[in-house]
Amino acid sequence: MARLYRGMRDFLPEEMIPREEITAKIKEVFRRWGYVPIETPAIELLETLLGKYGDEADKLIYEIKHKDGLGLRYDLTVPLARVIAMYGQNLPMPFRRYQIQPVWRAERSQKQKGRFREFIQCDVDIIGTSSPIADAEILAISAEILSNLGFERYKILLNHRQILRGLVNYAGFDEKNELFVLRSIDKWDKIGKEAVREELAEKSFKKESIDRIFELIEIDETNWNLLVELSKIDNQRVKNGVKNLRKILEYLSAVGVGQDVVQVTPRMARGLDYYTGAIFETVLSNLPSMGSLTGGGRYDDLIGMFSGKGKIPACGTTIGLDRIISALQELDKFPKAHTFTKVLVAQFSKALSNEALNFAHKLRSVGIPTEVFPEPKKLSKQFSYANKWNIPYVVLIGEDEVEEELCTLKDMSSGQQRVIHQDRAIKILLESINKK
RNA sequence: GUGGGCGUAGCUCAAUUGGUCAGAGCGCCGGACUGUGGAUCCGGAGGUUGGCGGUUCAAUUCCGCUCGUCCACCCCA
């Protein structure tokens with residue numbers, strides 16, 4: 001039986017056409033900000049993949065049953081880090097790259113809304129600068145893309161790993177439990193405060209530590225006030241993080257991203273281990289169950305794990321194409337398309353095949369997407385075909401038309417048709433198609 | 001991986017407490033309309049009711065297992 005591995009999808013034309021259009025819009029924004037494309041292989045050595053994301057994520061890497069120790073890439077950031085370690089010397093820094101390719105995750109759960117085992121990530125990263133201008137730029141790009149795609153109610157969540165680590169440390173948690181505590185905190189807005197408290201209590205952490213971290217994380221204030229509150233904490237990491245976020249917020253407004261879409265929150269942590277500085281996600285306030293549409297942050301130590309020669313600072317984000325499309329579908333903003341074809345040239349008879357082919361050729365040479373019905377079937381079949389694929393025009397050159405280089409041009413949406421000279425039909429088609 | 005819902009024609013779904021219950025609508029194909037689609041009418045093809053096993057005189061209906069699918073949790077894009 002024909003079937004599909006769970007979590008994998010086929011894309012038929014009605015879905016693929018708008019997918020490509022959305023991808024083109026995303027690419028356009030990347031390029032306008034000066035980013036250049038790269039691609040990397042689907043398969044990486046396991047030694048490249050493992051130990052970068054954290055234990056949880058390592059379990060979700062698809063390993064390939066092969067003696068060389070291989071796996072499918074889990075994201076595009078780690079392959080990028082490998083690329084920079086290998087070719088970085090030849091790339092002028094800062095290096096801005098984008099990359100649009102699928103990644104694979106062996107999700108344990110069955111497929112559900114906005115979650116797949118194979119999905120496309122659109123990554124933008126800027127390598128070789130630790131300036132907060134880079135962080136702000138990445139956020140501005142994320143915001144611009146979401147706006148361009150028609151999202152109105154999105155929110156950029158912004159936090160900082162240094163602040164989180166400082167807080168956890170300041171509250172008295174052991175250094176080695178840091179990541180566990182961070183992940184619990186991350187669930188706050190999903191499972192609620194009490195559930196997080198339970199999760200931490202189960203691990204038998206000190207009650208005063210839990211109480212203390214809750215106090216700090218519960219602060220719910222405007223961005224600037226929150227940063228003022230945090231800066232009062234006597235911890236160098238927290239202070240550094242706050243200073244960094246202030247800069248990012250400042251630069252963000254300079255590149256046109258208003259404070260109203262950004263929300264600084266000490267509760268968002270992100271699950272991947274490699275982040276070192278600012279971290280961010282975007283979510284839709286009217287579709288919270290969808291999870292994040294984009295997510296990223298600064299990872300100043302990751303490239304060094306490959307090159308072994310000191311740090312190369314880096315910052316970037318993933319635009320989740322499949323999440324975006326799922327969200328657009330949920331919001332009824334994902335139009336189904338049928339075909340690119342604008343004109344179907346019907347075939348009247350074998351004797352007139354060349355007439356049809358030649359006219360179609362003329363249309364294509366002026367840029368009009370045109371197809372010829374390949375067999376001289378009954379005209380009702382040919383018109384019905386045009387109708388099913390939503391082809392807006394049908395041209396017919398039959399016995400009555402050939403002699404004087406005429407043709408019948410039919411507008412399928414209105415149903416009106418007229419017999420006119422072939423050259424005139426080309427002109428009319430060109431005009432009407434350029435208008436749309 | 002844990003908990004729950006569901007699995008009948010390509011799609012959406014019917015079928016009284018197990019007993020002519022294997023059907024409808026839409027779609028598809030053909031025809032009415034041998035130079036015209038989307039309307040209408042007529043006709044047609046398609047199912048071992050997800051699979052395997054059990055209970056029974058009898059199972060789409062009950063039980064067990066399995067596979068698939070959907071939802072929640074976990075995690076993320």
Side-chain angles (χ1 to χ4, degrees), chain A residues 1-7 12 26 53-61 73-77 100-123 142 146 182-184 186-187 190-192 195-196 199 268-273 279-284 289-296 316-327 344 346-349 352 373 376-402 406-419:
Chain A
M1 272 302 285
R3 59 195 203 104
L4 213 49
Y5 170 56
R6 178 199 293 167
L12 297 182
I26 293 172
Y53 305 105
D55 296 340
E56 286 286 320
D58 277 0
K59 287 185 216 150
L60 301 185
I61 292 173
R73 65 169 165 246
Y74 178 88
D75 73 353
L76 301 179
T77 306
I100 300 176
Q101 288 192 280
V103 302
W104 294 270
R105 294 183 186 179
E107 295 280 346
R108 326 175 253 271
S109 66
Q110 281 106 327
K111 195 187 113 209
Q112 50 185 269
K113 198 192 296 173
R115 140 162 294 177
F116 313 99
R117 285 180 168 169
E118 175 183 62
F119 57 96
I120 306 284
Q121 293 199 324
C122 309
D123 272 35
S142 310
L146 292 181
L182 292 185
R183 290 215 186 94
S184 288
D186 192 44
K187 295 172 198 166
K190 291 167 205 156
I191 64 177
V196 172
E199 192 171 299
M268 188 268 295
R270 296 195 58 71
L272 302 179
D273 282 4
I279 49 178
F280 29 81
E281 279 183 6
T282 55
V283 293
L284 297 176
S289 64
M290 189 59 73
S292 51
L293 298 191
T294 78
T317 193
T318 294
I319 311 290
L321 179 69
D322 290 284
R323 279 277 166 85
I324 282 175
I325 287 168
S326 294
L344 175 74
Q347 233 195 116
F348 184 78
S349 67
L352 293 175
F373 200 90
K377 284 195 179 168
K378 296 170 80 167
L379 288 176
S380 65
K381 297 278 177 276
Q382 303 192 43
F383 278 86
S384 165
Y385 170 86
N387 189 52
K388 280 173 191 152
W389 282 101
N390 254 14
I391 298 171
Y393 297 98
V394 174
V395 169
L396 177 66
I397 303 173
E399 274 164 3
D400 300 344
E401 292 93 342
V402 233
L406 299 174
C407 68
T408 297
L409 172 63
K410 177 158 181 169
D411 179 333
M412 293 297 282
S413 57
S414 69
Q416 287 178 347
Q417 65 179 47
R418 47 190 166 158
V419 179

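Residue numbers start from 1 in every chain, and the chains themselves are labelled A, B, ... in the order their sequence lines are given, proteins ahead of strands.
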- Glycosidic class, syn or anti, of B/rG43 using a 90° window around 0: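 For B/rG43, whose glycosidic angle is more than 90° from 0, the conformation is anti.
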
Distance, rounded to the nearest Å, where [X] contributes [atom1] and [N] contributes [atom2]:
| X | N | atom1 | atom2 | answer |
| --- | --- | --- | --- | --- |
| A/Trp104 | B/rC76 | CH2 | C1' | 17 Å |
| A/Tyr5 | B/rG68 | OH | C1' | 14 Å |
| A/Leu272 | B/rA77 | CG | C1' | 10 Å |
| A/Leu60 | B/rG1 | CG | C1' | 12 Å |
| A/Arg73 | B/rC76 | CZ | P | 20 Å |
| A/Arg105 | B/rC76 | CZ | P | 9 Å |
| A/Phe373 | B/rG35 | CZ | P | 16 Å |
| A/Gln101 | B/rA77 | CD | C1' | 15 Å |

- Task: Mind checking ring-ring contact (aromatic ring centres under 6.0 Å, His included) for A/Phe119 and listing every partner two or more places apart, or none if nothing turns up?
- Result: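 For A/Phe119 there are no ring-ring contact (aromatic ring centres under 6.0 Å, His included) partners, ignoring immediate neighbours.
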
- Item | Partner set under ring-ring contact (aromatic ring centres under 6.0 Å, His included) for A/Tyr74, not counting sequence neighbours |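 A/Tyr74: ring-ring contact (aromatic ring centres under 6.0 Å, His included) contacts with A/Tyr53.
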
Between [N] and [M], how many Å separate the two [atom1] atoms, rounded to a whole number?
| N | M | atom1 | result |
| --- | --- | --- | --- |
| B/rG23 | B/rG64 | P | 30 Å |
| B/rC33 | B/rC41 | C1' | 12 Å |
| B/rU16 | B/rC28 | P | 31 Å |

What contact category does [X] fall into here, base, sugar-phosphate, or nothing, at under 4.0 angstrom with non-hydrogen atoms?
| X | answer |
| --- | --- |
| A/Leu293 | sugar-phosphate |
| A/Asp186 | sugar-phosphate |
| A/Gly291 | base |
| A/Glu399 | base |

- Item | A/Phe119 aromatic ring stacked with six-membered ring of B/rA77, 5.5 Å and 30° |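 Base of B/rA77: stacked against A/Phe119.
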
- Query: A/Gln417: what forms a side chain to side chain donor-acceptor pair (under 3.5 Å) with it, not counting sequence neighbours?
  - Reply: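 Applying side chain to side chain donor-acceptor pair (under 3.5 Å) to A/Gln417 gives none.
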
Given side chains that start at C-beta, do those of [X] and [Y] come closer than 4.5 Å, heavy atoms only?
| X | Y | value |
| --- | --- | --- |
| A/Ile319 | A/Ile324 | yes |
| A/Leu396 | A/Lys410 | no |
| A/Tyr393 | A/Leu409 | yes |
| A/Thr318 | A/Leu76 | no |

- Query: Taking for each residue the nucleotide of RNA chain B bearing the nearest heavy atom, is the 5' side occupied by A/Ile397 or by A/Lys377?
  - Reply: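 Nearer the 5' end of the strand: A/Lys377.
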
- Message: Just to verify, what does A/Asp273 make a salt bridge (charged side-chain N to carboxylate O under 4.0 Å, His left out) with, not counting sequence neighbours?
- Response: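 A/Arg183.
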
- Query: About how many Å separate CZ of A/Arg323 and CG of A/Leu321, when rounded to the nearest 0.5 Å?
  - Reply: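 Interatomic distance, A/Leu321 CG to A/Arg323 CZ, rounded to 0.5 Å: 12.0 Å.
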
Just the atom pairs and distances: protein N or O near nucleotides 36-39 of chain B's N or O, under 3.5 Å.
from, atom 1, to, atom 2, distance (Å)
B/rU36, O2, A/Lys410, NZ, 3.0
B/rU36, O2, A/Gln417, OE1, 3.2
B/rU36, N3, A/Gln417, OE1, 2.7
B/rU36, N3, A/Gln417, NE2, 3.2
B/rU36, O4, A/Gln417, NE2, 2.8
B/rG37, O2', A/Asn387, ND2, 3.2
B/rG37, N7, A/Lys410, NZ, 2.9
B/rG37, N1, A/Met412, O, 2.6
B/rG37, N2, A/Asn387, OD1, 2.8
B/rG37, N2, A/Met412, O, 2.8
B/rG37, N3, A/Asn387, OD1, 3.3
B/rG38, O4', A/Asn387, ND2, 3.1
B/rG38, N2, A/Ser413, O, 3.3

- If every non-hydrogen atom of A/Val196 is compared with every non-hydrogen atom of A/Ser184, which pair is closest and at what distance?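 Closest heavy-atom pair between A/Val196 and A/Ser184: CG2-O, 3.4 Å.
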
- Pull out every stem in RNA chain B, meaning runs of 3 or more consecutive Watson-Crick or G-U wobble pairs with both distances under 3.5 Å.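 Only these stems qualify: B:1-7 with B:67-73, B:10-13 with B:23-26, B:28-32 with B:40-44, B:50-54 with B:62-66.
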
- Item | Base B/rC76 to side chain A/Arg270, donor-acceptor N/O within 3.5 Å cut-off |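 No pair found.
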
